[in-house]
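Quick note on labels: first sequence line is chain A, next is B, and so on, each numbered from 1.
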Protein chains: 2
Amino acid sequence: MNQEALRTEVAHFLEFETQKMIPQLSIDCVIFSFHADKLKVLLLKGINQEKLNLPSGFIYQDENIDTAALRNLKERTGLDQVFLQQFHTFGKPTRYFPDQLQEAILSLGIDAKKADWLFQRFVTIGYYALVNYQQTNPQPSLFSEGFAWEDVEDLPPLILDHQALVETALETLKKDILTQPIGLKLLPDNFTIPQFHQLYEIILQRKIDRRNFRKKMLLSNILIPLNEQKAIKGHRLPNLYRFDEAAYALSLSGEVKMGF
Amino acid sequence: MNQEALRTEVAHFLEFETQKMIPQLSIDCVIFSFHADKLKVLLLKGINQEKLNLPSGFIYQDENIDTAALRNLKERTGLDQVFLQQFHTFGKPTRYFPDQLQEAILSLGIDAKKADWLFQRFVTIGYYALVNYQQTNPQPSLFSEGFAWEDVEDLPPLILDHQALVETALETLKKDILTQPIGLKLLPDNFTIPQFHQLYEIILQRKIDRRNFRKKMLLSNILIPLNEQKAIKGHRLPNLYRFDEAAYALSLSGEVKMGF
DNA sequence: CCAAAAGTGTTTCCAGTACACCCATGG
DNA sequence: CCATGGGTGTACTGGAAACACTTTTGG
């Protein structure tokens, strides 16, 4: 997008859209996908920013916050019907739009007064999403000029507290693995048990014996074997499976133990 | 408080305080305590309201949201240094100040225009607190005229979505029992194992074999026996214990199992 | 003496864990 | 032939669950 078109869009946003939205409250999305045996997060590159940022959005006055998060996610990934869940709200008083981004926007020729709305302190509601890498078609947003899927275990520098957001989202994911069909959302339709195993190890951040993992998953009846193997080089070919979605849902106990 | 004094206070709040606060964003506290073998929630009675409400508050522009929640809790209970934790943010577009309460406030002789700030849609950040019943001295807030500790298993009608807030807080508590020293926060300094057992049954909402519970707790070394019994009538006197706080903290694993 | 709740001990069972060996593939 | 990862089977163990009996107190 050229400078002039961007200026027009930003000016329009500030003049007409912001007044329909809740001020000082935003939504940040931590969008996870699983690709090349790694857990990835979708990040955007803000105009004139070196550090990356999470996809963000605002809430219309007559809009449910969950709906706003979903709308935002759809704008950013083209995906509907995805797993999306609120995990925490972040409200340090120093959460302001990054300085350089402010400068970049003003340098478009925007009246500083009209941009005030954007440059106030923001409280942000964090959501995390689980999306299928293959089916996702990421789009940069108004204030950004590119995107990237980054490895969650090796993140580049992020603006503000976005690093903390990702970490908290991951912590939540760790707990939710007991009660949510994580595999179903993150793995491709056909997958191998080693892939599923890898996903668990990344999310739980610890080693899990692969033989015990396999046994447990096979015994739980949530996997339907396909008569296909995945093609990989130099090794025995792993079998492909798909989820028995109903059985998967049922097997998620969410049971709370006594503790200790 | 008489009508005139209240009018002055509310008018002052609307004129001078609101402008220092983030609009359309509030904090609601679900304050739990354990008393008479029941889990209780602190509720307020709004002016001219039949339904009860949770203690709420607002956030100053330069204030951390956690700090705001703590300030609010202190104003309402006199307690500092309590267990306080954010659990969810609620944002249905229909979350407005209750009609009757609006009327009651305006009927004080407040200029409707000045009260606009209060009568907008609010998104609220839910926190839950665990307090010691004995040490708590509840205070009504600006817009309320009384308080009550209500049994969490038998709540009276609440305004808006406050019932849902309590339920979600309880769900969170259910999960946090694995990782947080719930007993330490909710039980009196000296307590009996049956009391501790009762607390677990209420929070987990299921029966736990009392013999297995006792065995587990005693073996975990988190309990220090006192040479005293609690006086109750008509039964064998139960022994009193206190927590070994360090051991309790250590024993909280928070370990995430593989699931299923 | 009785009702009610507290305190004590035994057994069973299974989920989680540890671990060893063979198989298929590409180079 | 070999390196690499995939697939299969066995054995152990500790914690959770099921369960019965005795003790203390007030009335």
Side-chain angles (χ1 to χ4, degrees), chain A residues 36-38 174 177-179 187 190-241 250-260, chain B residues 36-38 174 177-178 187 190-202 204-241 250-260:
Chain A
D37 292 344
K38 298 284 182 188
K174 216 167 163 175
I177 209 167
L178 295 168
T179 55
L187 293 174
N190 300 345
F191 57 89
T192 68
I193 291 183
Q195 281 181 303
F196 197 16
H197 174 243
Q198 170 91 4
L199 180 61
Y200 259 75
E201 286 197 337
I202 293 177
I203 291 177
L204 292 183
Q205 294 171 304
R206 63 181 172 89
K207 284 281 164 204
I208 298 171
D209 186 279
R210 63 184 183 85
R211 295 157 290 187
N212 293 334
F213 181 85
R214 159 181 298 276
K215 195 194 327 167
K216 173 160 190 153
M217 293 305 163
L218 287 176
L219 283 175
S220 70
N221 280 322
I222 65 170
L223 301 179
I224 300 173
L226 306 174
N227 287 324
E228 303 173 59
Q229 279 87 37
K230 186 176 163 78
I232 53 175
K233 305 217 160 181
H235 316 292
R236 178 168 178 179
L237 304 184
N239 292 324
L240 282 167
Y241 295 83
L250 275 177
S251 70
L252 296 166
S253 70
E255 184 193 0
V256 184
K257 293 280 167 50
M258 207 162 80
F260 293 52
Chain B
D37 293 344
K38 298 285 181 184
K174 213 167 163 176
I177 209 168
L178 295 167
L187 293 173
N190 300 345
F191 57 89
T192 67
I193 292 183
Q195 280 181 303
F196 197 14
H197 174 243
Q198 169 92 3
L199 179 60
Y200 259 76
E201 286 198 338
I202 293 178
L204 293 183
Q205 295 170 305
R206 63 181 173 89
K207 284 282 163 203
I208 297 171
D209 186 280
R210 63 184 186 85
R211 294 157 291 187
N212 292 334
F213 181 85
R214 160 183 297 275
K215 195 192 326 167
K216 174 160 190 154
M217 292 306 161
L218 286 175
L219 283 174
S220 70
N221 280 324
I222 64 171
L223 301 179
I224 301 174
L226 307 174
N227 287 323
E228 301 174 59
Q229 280 87 39
K230 185 177 164 77
I232 51 174
K233 306 217 159 179
H235 315 292
R236 180 168 176 177
L237 303 184
N239 292 325
L240 281 167
Y241 295 83
L250 275 177
S251 70
L252 295 167
S253 70
E255 184 193 358
V256 184
K257 294 280 167 50
M258 207 161 82
F260 294 52

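- Remark: K215(B) engages N212(B) in a side-chain hydrogen bond (donor to acceptor under 3.5 Å, both in side chains) (not counting sequence neighbours).
- Atom pair K207(A):NZ and dG5(D):P shows a separation of 11 Å (rounding to whole Å applied).
- For R236(B), the side-chain hydrogen bond (donor to acceptor under 3.5 Å, both in side chains) criterion is met by no residue, not counting sequence neighbours.
- The stretch residues 218-231 of chain B participates, sequence neighbours left out, in no salt bridge (charged side-chain N to carboxylate O under 4.0 Å, His left out) pair at all.
- Between the CD atom of E228(A) and the P atom of dG6(D) there is a distance of 18 Å, given to the nearest Å.
- With sequence neighbours left out, D37(A) forms a side-chain contact (heavy atoms from CB on, under 4.5 Å) with Q195(A), Q198(A).
- Going from atom CE of M217(A) over to atom C1' of dA15(C) covers 13 Å, rounded to whole Å.
- The ring-ring contact (aromatic ring centres under 6.0 Å, His included) search around Y241(B) returns none, not counting sequence neighbours.
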Starting at the 5' end of nucleotides 5-12 of chain C, put B wherever the base has a protein heavy atom under 4.0 Å, S where only the sugar-phosphate does, and a dash everywhere else. BBBBBB--
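- H197(A) places no side-chain N or O within donor-acceptor distance of the main-chain N or O of R214(A), the cut-off being under 3.5 Å.
- Summarising the geometry, the separation between OH on Y200(B) and P on dA17(D) is reported as 13 Å, rounded to the nearest angstrom.
- Distance NZ (K233(A)) to C1' (dA3(D)): 17 Å, rounded to an integer number of Å.
- Straight-line distance from the CD atom of Q229(A) to the P atom of dG6(D): 13 Å, rounded to whole Å.
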